[in-house]
*Asks:* 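Can you keep this structure in mind? I'll have questions shortly.
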Amino acid sequence: VAGVKYEYRGEQKELRSKIVIAADGVESRVGRWAGIKTHTDFRDMESCVQITAAEIPVDPNTCYFYFGEEYAPKGYFWIFPKANGAANIGLGVSGLIGKKHSAQTFLNHFMEKKYPNSTTLTQIAGGVPSTLTLKNIFAPGILLAGDAAHQVNPLSGGGIHTGMIGGSIAGEVAADSILADKPDYIFNYDKLWYERVGKRHEIYNRLKDGIYNFDDKKFNSIAHAFNKIPPEKRSLGNLFKTALIHNPSLLIDVAKVFLMK
Ligand SMILES: Cc1cc2nc3c(=O)[nH]c(=O)nc-3n(C[C@H](O)[C@H](O)[C@H](O)COP(=O)(O)OP(=O)(O)OC[C@H]3O[C@@H](n4cnc5c(N)ncnc54)[C@H](O)[C@@H]3O)c2cc1C
């Protein structure tokens with residue numbers, strides 16, 4: 001890879017560079033053009049949709065999450081309050097579910113049931129690769145970053161923060177490689193990513209697989225047990241501890257999450 005050809009305002013252009021960083025999103029075509037496999041199995045592709053809606057009467061200081069068959073099987077549903085009674089409301093479901101019952105259908109059902117008088121202001125939808133980082137995130141002269149490299153947290157489906165970390169590591173590695181005039185230096189990218197974030201994602205991915213198999217009964221019993229914890233003591237750690245009592249097989253992975261730095 002020695003640069004990119006692109007179109008700008010109808011004009012064909014060419015830009016030569018020592019290193020290209022492909023941050024072109026899920027299923028990265030730029031990566032594929034360089035011979036890297038960027039495909040996502042549909043079972044790992046969370047199908048996500050989110051609206052920003054007005055007139056949503058929720059506590060502005062609380063983020064709401066819904067789990068279970070009715071709201072988001074093999075995924076979760078969220079309400080993130082914004083200012084002036086608006087909120088971001090959305091969900092992600094596994095591609096396995098989305099194939100039969102789209103994320104949009106779940107959202108419509110929820111809005112009709114809970115907030116029939118709200119107004120939708122904006123809407124976004126897309127696939128989120130909720131899986132492990134790609135096996136290859138570089139090739140000679142090219143590095144992949146963000147969704148293009150599958151740097152999304154597989155448990156939460158959040159890829160903004162982790163994509164920024166991946167992008168910053170890619171940028172540093174590229175700069176160091178050019179400054180030292182060592183093209184091979186970029187091959188350190190995957191090790192640096194793995195140490196900083198990637199190894200955690202392996203554990204999150206296993207936790208996701210465990211949690212995906214929870215049925216509604218299990219979610220309800222965890223929620224009821226968690227409700228007994230005084231509000232000031234409720235934390236993510238305590239939530240996982242409660243979940244563990246109900247599913248001891250997750251013990252090792254949960255312990256690793258909280259012990260790893
Ligand atoms: C509904 C929904 C809600 C989400 N909510 C959250 C959330 O709350 N928190 C969170 O952390 N993450 C969330 N995510 C995931 C998050 O959006 C992504 O992980 C993140 O945007 C990835 O950033 P990126 O820059 O790698 O890729 P992208 O945001 O996909 O950006 C890639 C860019 O490259 C451009 N591009 C593609 N191909 C080319 C080409 N050939 N030439 C030039 N440009 C090209 C695209 O137009 C795009 O602008 C959500 C995703 C969805 C779908």
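One-based numbering, in listed order, for ligands and for the atoms of each.
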*Asks:* So Phe110 and Ile79, do their side chains get closer than 4.5 Å, heavy atoms only?
*Replies:* yes

*Asks:* Between the side chains of Asn108 and Gln104, does any donor sit under 3.5 Å from an acceptor?
*Replies:* yes

*Asks:* Is the closest protein non-hydrogen atom to atom 44 (N) of ligand 1 under 4.0 Å?
*Replies:* no

*Asks:* Between Val173 and Ile186, what is the shortest heavy-atom contact and its length?
*Replies:* CG1-CA, 3.3 Å

*Asks:* Counting heavy atoms only, name the option from Ser156, Gly25, Gly157 that's nearest to atom 15 (C) of ligand 1.
*Replies:* Gly157

*Asks:* Tell me, which protein residue and heavy-atom name are nearest atom 8 (O) of ligand 1, and how many Å apart are they?
*Replies:* Phe80 CE1, 4.3 Å

*Asks:* As a test of understanding, state which of Glu202, Lys199, Arg200 forms a side-chain hydrogen bond (donor to acceptor under 3.5 Å, both in side chains) with Tyr194.
*Replies:* Glu202

*Asks:* Looking at atom 25 (O) of ligand 1, what's its closest protein heavy atom, distance included?
*Replies:* Ala23 O, 4.4 Å

*Asks:* Please determine if Lys217 and Asp215 form a salt bridge, counting it only when a charged side-chain N lies under 4.0 Å from a carboxylate O.
*Replies:* no

*Asks:* If hydrogens are left out, which of Ile160, Asp147, Val49, Leu144 has an atom nearest to atom 19 (O) of ligand 1, that is, the closest non-hydrogen atom?
*Replies:* Asp147

*Asks:* Tell me which protein heavy atom sits closest to atom 12 (N) of ligand 1, plus the residue, atom name and distance to 0.1 Å.
*Replies:* Gly159 N, 3.2 Å

*Asks:* Can you pull out the closest protein heavy atom to atom 51 (C) of ligand 1? Residue, atom name and distance to 0.1 Å, please.
*Replies:* Val128 CG2, 3.5 Å

*Asks:* Please name all residues satisfying side chain to side chain contact (heavy atoms under 4.5 Å, CB included) with Ala139, sequence neighbours left out, ordered by chain then number.
*Replies:* Ile36, Ile142

*Asks:* Please list the nearest protein heavy atom to atom 1 (C) of ligand 1 with its residue and the distance rounded to 0.1 Å.
*Replies:* Cys48 CB, 3.7 Å

*Asks:* Any side-chain donor paired with an acceptor under 3.5 Å for Thr133 and His201?
*Replies:* no

*Asks:* Testing the basics here: between Ser28 and Asp24, what is the closest heavy-atom pair and its distance to 0.1 Å?
*Replies:* OG-OD1, 2.6 Å

*Asks:* Could you tell me whether atom 5 (N) of ligand 1 has at least one protein heavy atom nearer than 4.0 Å?
*Replies:* no

*Asks:* Atom 35 (C) of ligand 1: which protein heavy atom is closest, and how many Å away?
*Replies:* Asp24 CA, 4.4 Å

*Asks:* Just to confirm, does any protein heavy atom lie below 4.0 Å from atom 38 (N) of ligand 1?
*Replies:* yes

*Asks:* Please state which option from His161, Glu27, Arg29, Glu7 has its nearest heavy atom closest to atom 41 (N) of ligand 1.
*Replies:* Arg29

*Asks:* Flag this pair as yes if the NZ/CZ of Lys208 is under 6.0 angstrom from the six-membered ring centre of Tyr212 and inside a 45 degree cone about the axis; otherwise no.
*Replies:* yes

*Asks:* Strictly inside 4.0 angstrom of atom 49 (O) of ligand 1, do you find any protein heavy atom?
*Replies:* no

*Asks:* Examine ligand 1 and decide if any of its atoms is less than 4.0 Å from a heavy atom belonging to Gly90.
*Replies:* no

*Asks:* Which of the numbered atoms in ligand 1 are below 4.0 angstrom from a heavy atom of Gly146?
*Replies:* 26 (O)

*Asks:* Using a strict cut-off of 4.0 Å, indicate which atoms of ligand 1 neighbour a heavy atom of Gly126.
*Replies:* 53 (C)

*Asks:* Please determine which of Ile97, Leu96, Leu91 meets the side chain to side chain contact (heavy atoms under 4.5 Å, CB included) test together with Pro73.
*Replies:* Ile97

*Asks:* Could you identify the single nearest non-hydrogen protein atom to atom 3 (C) of ligand 1 and state the distance to 0.1 Å?
*Replies:* Trp78 CZ2, 4.1 Å

*Asks:* Does Gly158 reach ligand 1 with a nitrogen or oxygen that is under 3.5 Å from one of the ligand's nitrogen or oxygen atoms?
*Replies:* no

*Asks:* Determine the minimum heavy-atom distance between Asp147 and Val26, stating which atoms define it.
*Replies:* CB-N, 3.5 Å

*Asks:* Is the closest side-chain donor-acceptor distance between Asn88 and Thr52 under 3.5 Å?
*Replies:* yes

*Asks:* Got a protein heavy atom sitting under 4.0 Å from atom 22 (C) of ligand 1?
*Replies:* yes

*Asks:* For atom 32 (C) of ligand 1, is the nearest protein heavy atom closer than 4.0 Å?
*Replies:* yes

